[in-house]
Amino acid sequence: MEKHVVVIYPHPDDESFGAAGTIAKFREQGVPVTYLCGTLGEMGRNMGNPTFANRETLPAIRKKELMAACRTLDMELRLLGYRDKTLEYENRNEVAQHLKGILEEINPSLVITHYPEHAVHPDHNALGAATVEAVRLMDPESRPVVWAQAITNTYIEDLGKPDIINDVRENFDTKMEAILCHKSQANGVIRSWNQSEGISDDLKEQAKKRLSVEQFYIWKYE
């Protein structure tokens with residue numbers, strides 16, 4: 001069993017859409033989970049559907065939503081304080097050193113992040129790369145395992161079959177509850193799958209089909 005799991009993604013809702021089922025499984029086992037969230041997603045385009053946020057209010061709204069999702073998933077939250085859509089311009093070594101300090105403090109056995117260059121969004125790729133580097137810089141004797149999540153359309157073709165394939169249907173209600181905490185984002189994302197109004201039972205079934213498997217690669221350090 002894992003000693004402590006640290007999840008590192010750049011945006012509020014990345015944890016819920018990407019790994020909430022896996023997080024819920026770990027918490028059922030009594031494993032502590034800490035989320036290091038890179039930004040508040042303050043440059044996001046979704047403002048609720050129907051709209052209830054604006055550019056000025058969105059950061060506070062997304063922070064509140066993130067805190068609610070973390071309560072739902074029963075995990076600790078730490079905000080890294082970076083700015084949305086700028087992580088690719090940050091000095092990667094400085095971000096890696098920042099993360100390394102936190103990881104050495106927490107001393108996890110497992111870190112979950114995005115797979116660099118296979119995570120679609122520049123923030124995903126940049127923070128994933130900084131996380132991989134942070135762990136590389138740690139003492140190999142105490143270095144945690146890294147699970148990297150790839151989400152490009154070609155990741156299986158490019159990387160092969162994922163090492164970890166988690167069927168999270170047993171924890172899907174918790175995952176869906178966490179996703180829906182991100183009200184400013186979730187309605188637009190889920191409704192974009194078709195033109196239905198609101199989030200119907202049918203859309204929840206669509207979400208289950210799309211999001212009930214969470215896959216990761218074990219990062220190989222030479």
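Scope of the values below: all heavy atoms of this structure, side chains included, with no hydrogens, waters or symmetry mates. This one's a predicted model, so the numbers in the text were calculated from it and none came from an experiment.
The nearest pair of heavy atoms linking L127 to G38 is CD2-CA, 4.2 Å. Across every non-hydrogen atom of A178 and T72, the tightest pair is N-CG2, 3.9 Å.
Note that CG of L66 and CD1 of I61 are 13.5 Å apart. Values are rounded to the nearest 0.5 Å. Here OG of S16 is found 10.0 Å from CD of E65. Values are rounded to the nearest 0.5 Å.
M75 and M67 fall within a single hydrophobic cluster, where Ile, Leu, Val, Met, Phe, Trp and Tyr side chains are chained together by heavy-atom contacts under 4.5 Å. Using a 4.5 Å cut-off between side-chain heavy atoms of Ile, Leu, Val, Met, Phe, Trp and Tyr, with links allowed through other members, Y9 and L99 fall into different hydrophobic clusters. L73 and Y35 fall within a single hydrophobic cluster, where Ile, Leu, Val, Met, Phe, Trp and Tyr side chains are chained together by heavy-atom contacts under 4.5 Å. I102 and L77 end up in different hydrophobic clusters when Ile, Leu, Val, Met, Phe, Trp and Tyr side chains are linked at under 4.5 Å.
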Original post:
What's the verdict on ring-ring contact (aromatic ring centres under 6.0 Å, His included) for Y217 and Y115, showing C-alpha distance, side-chain angles and the deciding distance?
Top reply: CA-CA 8 Å; Y217 295 88; Y115 198 112; 5.6 Å; yes
**OP:** Please assess F17 against H182 for the test side-chain contact (heavy atoms from CB on, under 4.5 Å), listing each intermediate value before the final yes or no.
**Re:** CA-CA 10 Å; F17 280 102; H182 296 282; 5.6 Å; no
**OP:** Please lay out, stage by stage, how I179 and L211 fare under the test side-chain contact (heavy atoms from CB on, under 4.5 Å).
**Re:** CA-CA 11 Å; I179 287 171; L211 303 173; 3.8 Å; yes
**OP:** Output, in order, the C-alpha distance, side-chain angles, deciding distance and verdict of side-chain contact (heavy atoms from CB on, under 4.5 Å) for Y221 and V146.
**Re:** CA-CA 10 Å; Y221 287 96; V146 174; 3.8 Å; yes
**OP:** Let me see the working for T34 and H4 under side chain to side chain donor-acceptor pair (under 3.5 Å), right down to the final yes or no.
**Re:** CA-CA 8 Å; T34 300; H4 196 134; 2.9 Å; yes
**OP:** Apply ring-ring contact (aromatic ring centres under 6.0 Å, His included) to the pair H118 and H124, showing each step before the final yes or no.
**Re:** CA-CA 9 Å; H118 279 277; H124 295 178; over 10 Å; no
Original post:
What's the verdict on ring-ring contact (aromatic ring centres under 6.0 Å, His included) for H114 and F216, showing C-alpha distance, side-chain angles and the deciding distance?
Top reply: CA-CA 9 Å; H114 283 122; F216 310 92; 9.8 Å; no
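Looking at D167 and K25, no side-chain N of the basic residue comes within less than 4.0 Å of a carboxylate O on the acidic one, giving no salt bridge. A salt bridge links E105 with R78: the distance from a Lys NZ or Arg NE/NH1/NH2 to an Asp or Glu carboxylate oxygen falls below 4.0 Å. Checked for salt-bridge contact, R83 and E42 meet the test: a charged N lies under 4.0 Å from a carboxylate O. Looking at E214 and K175, a side-chain N of the basic residue comes within less than 4.0 Å of a carboxylate O on the acidic one, giving a salt bridge.
In this structure, I165 belongs to a hydrophobic cluster whose other members, linked by side-chain heavy atoms under 4.5 Å apart, are V213.
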